[in-house]
Amino acid sequence: MTARRPDRSIATVCLSGSLPDKLEAAAAAGFEGVEIFENDLLTFDGTPAEVRAMCEDLGLAITIFQPFRDFEGMPEGLRVRAMDRAERKFDTMQALGTDLLLVCSSVHPAALPGADRAAADLREMAERAAKRGLRVCYEALAWGRHVSRWRQAWEIVRAADHPALGLCLDSFHTLSLGDDVDDLAATVPPEKLFFLQLADAPRLAMDVLSWSRHHRLFPGQGELPVADFLRGVMAAGYAGPLSLEIFNDEFRAAPSRRIARDGLRSLAWLEEQVGLAELPALPRLAGVEFVEFALDHESREDLARMAASLGFRRAGMHRSKDVELWRSGGANLVLNSEPDSAASERFEARGPCVCAIAFRLDDPERLVARAEALSYPVWRERIGAGERRIPAVRAPDGTLVYLVADLAEGERPIWEDDFHLEQDRADGGFLGIDHAAQAVAPGLMDSFALFYRALFGMEPDAPWELPDPYGLVRSRAFVGGQGAVRLPLNVSESGRTGTGRFVSALAGAGVHHIAFAAADAAEAAAGAVARGAPLLEIPANYYEDLGARIGLEEEELAGHAAHHLLYDRDAAGGEFRHAYTHAFRDRFFFEIAARGGGYAGFGAANAAVRMAAQRKTPRSRGDAGGEQ
Ligand SMILES: O=C(O)c1ccc(O)c(O)c1
Ligand SMILES: [Mg+2]
């Protein structure tokens, strides 16, 4: 570890609720400071002195009071008003007990250009602040009228040349304009770096004001190079707090405690990225060991029949619980009907569903320690004598993620301790679980992103959009262990899309799609069809288009059509062949998938055909319905 960890701060504007709710949530999550956003004070029914007392009781420093708008460059009459307004806000700051004011660059239509004029205004403000022992920092808003970049703000602060005036940097304003801080250390002396605000965002093609006001995210949740930005600022000698400033409509509609906690996790992860703090090291992910279903006996029989049609066989019965293991080669399905368990709790709330997924990784206990350091809940199921306790962490929707040690040759697999095994592993079948896709409720996507990225070190693919016949589905895949674990997350604002219906049918989010890796897709699909598996019918038009688009030979096209296979090819010639089943009781479905030539996607080009086929084919059997 290099220096002492900087204090962690969060702007009240990030959180939902009243000012006291926000402060309590920030303190409960473990922040050391808060930015008091002026609007939160204006709408609070109490004095600034009461806010100060609340913060003191909660152990929170007020790191800054903000924003002070439209100050610099005003023509004479308005300039006097602006100075008066500043004096009034200094009164408020003194009552709050904070010494730092953020002035953001003016957007006022009357604001006049000119660095000298702005410098003179800020110098006078700083002089007035200094008389009261206060300080001012100046921030370039990306949409400022005359000042939109930190270098312009710095020219003004430098020219003003007052010890009570410094710079506020905000990663969003810099990165959203495609700018960087590479020359910050060479340009700005450290004592002039007064404050640092951190925010990430998805890459969106929209005006920067709307982007900033509605779509900011915590570092790690978006696509901006926030870690590089922070490295540059630390290299310039910044010594103040790291403060999160996120304007996001979903954050402000979500429970403040969850959002505050995600904020702290995000900062801890970011500090690890740049070497400011340490966490128990990231895991080495080796694969998905199993997917577990919560079922009653009736649905278990149906699901077992469907699994059998895909080539799975019952491989074992649990020694002490009402749980079956079904296996095909390296793919394991756990069918859990144990009463009074985490699974039954899930079944009672949601009906048949995926209640857990298990990752194979190098050191489960180190991951547990990392989860605890990031305050993700850890779960340990009760066990019978002699059985192995497999630790788990809870995903943001409550799904359990079990942590199973990646075994060296000859080590004893978990299954042997807990199951009476009827069949060993070497029986052909699937190679393993290729990917597990989750439907995520709209407000939870960003929490999931942080969960997979900060806790497991998985990296996000670029987001993409899938056209469901009844609305848009946004998708973003998280990939770990060089493709050993692949988890596409799907979110839909519309309740009518397949994703929307899975979310409502599952009372929240959940794994709704499990892909088994096959060495030979045609062979696996042919076997499945022969055993009566409910594979999706693909329209002939699809194969027509495939021939036209990719130029596959007629014979190959006919083979794909005969086996219900979809086909995709990437720019480097990697190939993907895959077939889908109908959904099991409208809740989840399976896929047979074969990758070749380093193909890293999920057949997104075929998603529209798959979703349409799932919607239009009538329920053909009791265990494999398409329409509700
Ligand atoms: O959107 C704004 O107006 C605004 C205000 C203050 C900030 O620090 C900021 O980054 C943006
Ligand atoms: Mg800011």
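Because the structure is a prediction, the values reported are computed rather than measured. Counting convention: from 1, in listed order, for ligands and their atoms alike.
- For the pair Arg128 and Phe90, the NZ or CZ position fails the cation-pi test of under 6.0 Å to the six-membered ring centre and within 45 degrees of the ring normal.
- Rounding to 10 degrees gives 90° for the angle at the Mg ion (ligand 2) between OE2 of Glu139 and OD2 of Asp170.
- Residue contact check for ligand 1: Trp143 places a non-hydrogen atom closer than 4.0 Å to it.
- Checking Asp262 against Ser447 by side-chain atom types alone, a donor-acceptor pair falls below 3.5 Å.
- Residue Glu245 has at least one nitrogen or oxygen atom sitting less than 3.5 Å from a nitrogen or oxygen atom of ligand 1, judged on distance alone.
- Closest approach of Ala235 to Ala185, counting heavy atoms only: O-CB, 4.0 Å.
- When each atom of ligand 1 is checked for a heavy atom of Arg213 under 4.0 Å away, the hits are 1 (O), 2 (C), 3 (O).
- Close to ligand 1: Arg216, with a non-hydrogen atom less than 4.0 angstrom away.
- Taking distance alone, with nitrogen or oxygen atoms compared against 3.5 Å, Ser212 stays at or beyond that limit from ligand 1.
- Heavy-atom distances between Phe247 and ligand 1 reach below 4.0 Å in at least one pair.
- Summary of contacts: the protein heavy atom closest to atom 6 (C) of ligand 1 is Gln66 OE1, 3.1 Å.
- Using a distance-only test at 3.5 Å, with no hydrogens or angles considered, no donor-acceptor pair links the side chain of Trp143 to the main chain of Val107.
- The closest side-chain donor-acceptor pair between Glu72 and Tyr138 falls under 3.5 angstrom.
- If you check each of Arg69, Glu35, Glu38 against atom 3 (O) of ligand 1, the one with the closest non-hydrogen atom is Arg69.
- Of all atoms in ligand 1, numbered sequentially from 1 with element shown, those under 4.0 Å from a heavy atom of Glu139 are 6 (C), 7 (C), 8 (O), 9 (C), 10 (O).
- The two residues Pro225 and Arg203 make their nearest non-hydrogen contact at CD-NH2, 4.0 Å.
- Shortest distance from the Mg ion (ligand 2) to Glu245 is reached at OE1 (N/O/S atoms only).
- Taking every heavy atom of Leu141 and a limit of under 4.0 angstrom, the matching atoms of ligand 1 come to 4 (C), 9 (C), 11 (C).
- In this structure, Arg79 CZ and Asp84 CG are separated by 11.5 Å, a value rounded to the nearest 0.5 Å.
- The contact set between ligand 1 and His173, taken as ligand atoms under 4.0 Å from a residue heavy atom, comprises 9 (C), 10 (O), 11 (C).
- Judged purely by distance below 3.5 Å, without hydrogens or angles, the side chains of Thr499 and Asn490 never pair a donor atom with an acceptor atom.
- Proximity to Gln197 (heavy-atom distance under 4.0 Å) selects the following atoms of ligand 1: 8 (O).
- Donor-acceptor pairing under 3.5 Å is recorded for the side chains of Arg216 and Ser212.
- Inspection of the Ser492 and Thr497 side chains reveals an N or O donor paired with an N or O acceptor under 3.5 Å.
- The Mg ion (ligand 2) has an N, O or S atom of Gln197 closer than 2.8 Å.
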